[in-house]
There are 2 protein chains.
Amino acid sequence: MEDKKTSSKTRAAIMEAAGKVFAEVGYSKATIRDICREAGANIAAINYHFGDKKSLYLAVLKHYQEIAFKAYPPDLGIKETQKPEEKLRAYIRSFLTRIMDDVHPAWFGRLLAREFTEPTWAFDILVEETIRPSFQLLTEIVAEIIGKNSKERIVRLCSMSIVGQCLYFRHSHPVITRLYPGESFGFKHIKELTEHISFFSLHGLIAEGKNKHSEENKCKKR
Amino acid sequence: MEDKKTSSKTRAAIMEAAGKVFAEVGYSKATIRDICREAGANIAAINYHFGDKKSLYLAVLKHYQEIAFKAYPPDLGIKETQKPEEKLRAYIRSFLTRIMDDVHPAWFGRLLAREFTEPTWAFDILVEETIRPSFQLLTEIVAEIIGKNSKERIVRLCSMSIVGQCLYFRHSHPVITRLYPGESFGFKHIKELTEHISFFSLHGLIAEGKNKHSEENKCKKR
DNA sequence: AGATAATTCAAACAATTGTTTTAAACAACT
DNA sequence: AGTTGTTTAAAACAATTGTTTGAATTATCT
């Protein structure tokens with residue numbers, strides 16, 4: 001049996017448990033025995049419903065990818081506002097929310113963050129279906145802020161600076177708890193983080209725009 | 001046998017090979033059989049010379065930590081210059097160099113970058129002996145730029161923004177090669193990356209400093 | 001050279017992994 | 001009920017892992 005044949009009870013339970021375990025310990029360290037114990041299912045069930053471990057991981061990835069992007073689309077609240085700095089803020093908040101969220105069954109955040117730094121064979125799919133469109137949107141916003149005549153390389157550097165900040169706040173938890181016990185940057189601080197990254201990056205971008213060749217006038221300035 | 005008894009030939013070969021393999025695939029995925037094949041040693045040699053896999057990893061970590069920090073100390077060229085923006089640039093360059101370097105046998109960069117996002121049991125050691133002093137130095141530089149009366153929380157946020165950028169350029173390789181084949185950000189581009197991150201962050205910091213008290217002449221905001 | 005310690009080696013061990021098999025339990029329909 | 005197809009269950013399989021064993025080899029010292 002390939003995959004989405006039935007919507008059996010155990011199949012759903014396995015998807016849920018697999019998402020949790022995969023997000024917690026990663027693909028290779030996750031054992032199907034753990035997953036099945038968590039799901040209250042037999043070990044053979046995973047082979048029956050999904051084929052093998054790889055296909056299970058793929059199914060989980062695609063499933064929660066759909067959920068996460070339906071809940072937090074990259075252009076969340078971007079269309080209606082004109083000002084590029086508002087677009088940037090909206091993008092950052094959406095991105096942060098998507099990768100920070102791990103309360104309700106949207107393990108996609110952790111899975112995605114994990115694939116970013118420790119890519120598996122499934123990474124190519126994620127790049128094409130998730131990362132590329134999202135990154136593309138960001139580069140457009142960045143280019144709009146810097147100025148239309150900006151070099152592509154610089155736009156990419158700046159975009160990566162922004163993504164890098166978001167991602168780092170995502171998996172800085174182990175570091176932070178050890179460096180400053182009591183501090184934390186989690187789902188609860190998305191608003192604060194959005195403000196900080198937006199503000200910090202916006203002024204970096206503006207400076208970058210002025211650096212290239214003189215920008216005429218961007219409202220702000222000095 | 002505990003550890004640094006002898007300086008046998010095979011012991012050194014194992015250290016070298018282990019560093020390479022650990023850096024390549026991570027602790028848990030690295031097999032002692034791979035390491036020993038790479039080192040041209042017998043499988044039992046690792047038990048004989050180091051005790052077990054964990055002790056080997058620890059020995060490798062401590063060894064290359066020493067090497068990397070001797071080669072690229074965090075305060076490289078900071079002392080003599082007064083201007084805080086020069087300090088920031090020096091710090092970023094040193095940090096980048098340390099984590100980017102993976103040509104000569106200093107696998108520490110990759111190992112460190114890996115521990116940052118996928119901490120093992122050895123992470124506590126790294127935090128105390130490596131990360132804390134380095135991060136402490138960064139927060140001091142950041143605080144100097146923002147202004148003395150800045151909130152600690154903001155200083156930490158900004159410091160993490162800087163570290164996050166550096167780290168992301170470190171393991172963005174899998175993403176970049178897929179998004180833009182031909183582009184790359186590696187050891188060869190440390191100068192360019194240093195300039196970009198320094199410039200980008202400096203203006204973020206300055207703005208953050210001005211944001212504290214005076215707010216009126218901000219044009220943006222709301 | 002000979003004795004003693006240090007090192008290397010091939011083989012086996014025990015535990016864990018993903019996967020498969022075979023039969024039993026269940027459901028649905030005539 | 002009886003037949004058929006679907007789902008679950010327990011056990012075994014094959015491969016891989018870290019670790020250990022005990023003998024063979026090499027180095028070291030008197």
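Order of the sequence lines sets the chain letters (A, B, ...), proteins ahead of strands, with each chain counted from 1. Keep in mind that this is a model prediction, so the values were computed, not measured.
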- Quick one: CG on D52(B) to OG on S55(B), what's the gap to the nearest 0.5 Å? 4.0 Å
Would you please confirm or rule out a distance under 4.0 Å between OP1 or OP2 of [N] and any side-chain N or O of [X]?
{"X": "T31(B)", "N": "dT16(D)", "result": "no"}
{"X": "T10(B)", "N": "dT8(C)", "result": "yes"}
{"X": "N47(B)", "N": "dT19(D)", "result": "no"}
{"X": "H49(A)", "N": "dT8(D)", "result": "yes"}

- Could you check whether A44(B) gets within reach of a base, just the sugar-phosphate, or nothing at all, counting any heavy atom under 4.0 Å? base
- Query: I46(A) near the nucleic acid: base, sugar-phosphate alone, or nothing, with a heavy-atom cut-off under 4.0 Å?
  - Reply: nothing
- Nearest-angstrom distance from the residue atom CZ of F22(A) to C1' of dG18(C): 12 Å
- Query: Out of dT8(C), dA9(D), dG18(D), which nucleotide sits closest to the side chain of Y48(B)?
  - Reply: dT8(C)
- Looking only at dA10(D), dT19(D), dT8(C), the nucleotide nearest the I32(B) side chain is dT19(D)
- Message: I need the single residue from F200(A), F95(A), F185(A) that forms a ring pair (Phe, Tyr, Trp, His ring centres under 6.0 Å) with F169(A). Which is it?
- Response: F185(A)
- Message: Taking the nucleotide of DNA chain D with the nearest heavy atom to each, does A41(A) or R33(A) sit closer to the 5' end?
- Response: A41(A)
- Query: Salt bridge check: are R89(A) and E195(A) linked by an N-O gap of less than 4.0 Å?
  - Reply: yes
- Message: Parallel, tilted or perpendicular, judged at 30° and 60°: which one describes the rings of Y27(A) and Y57(A)?
- Response: tilted
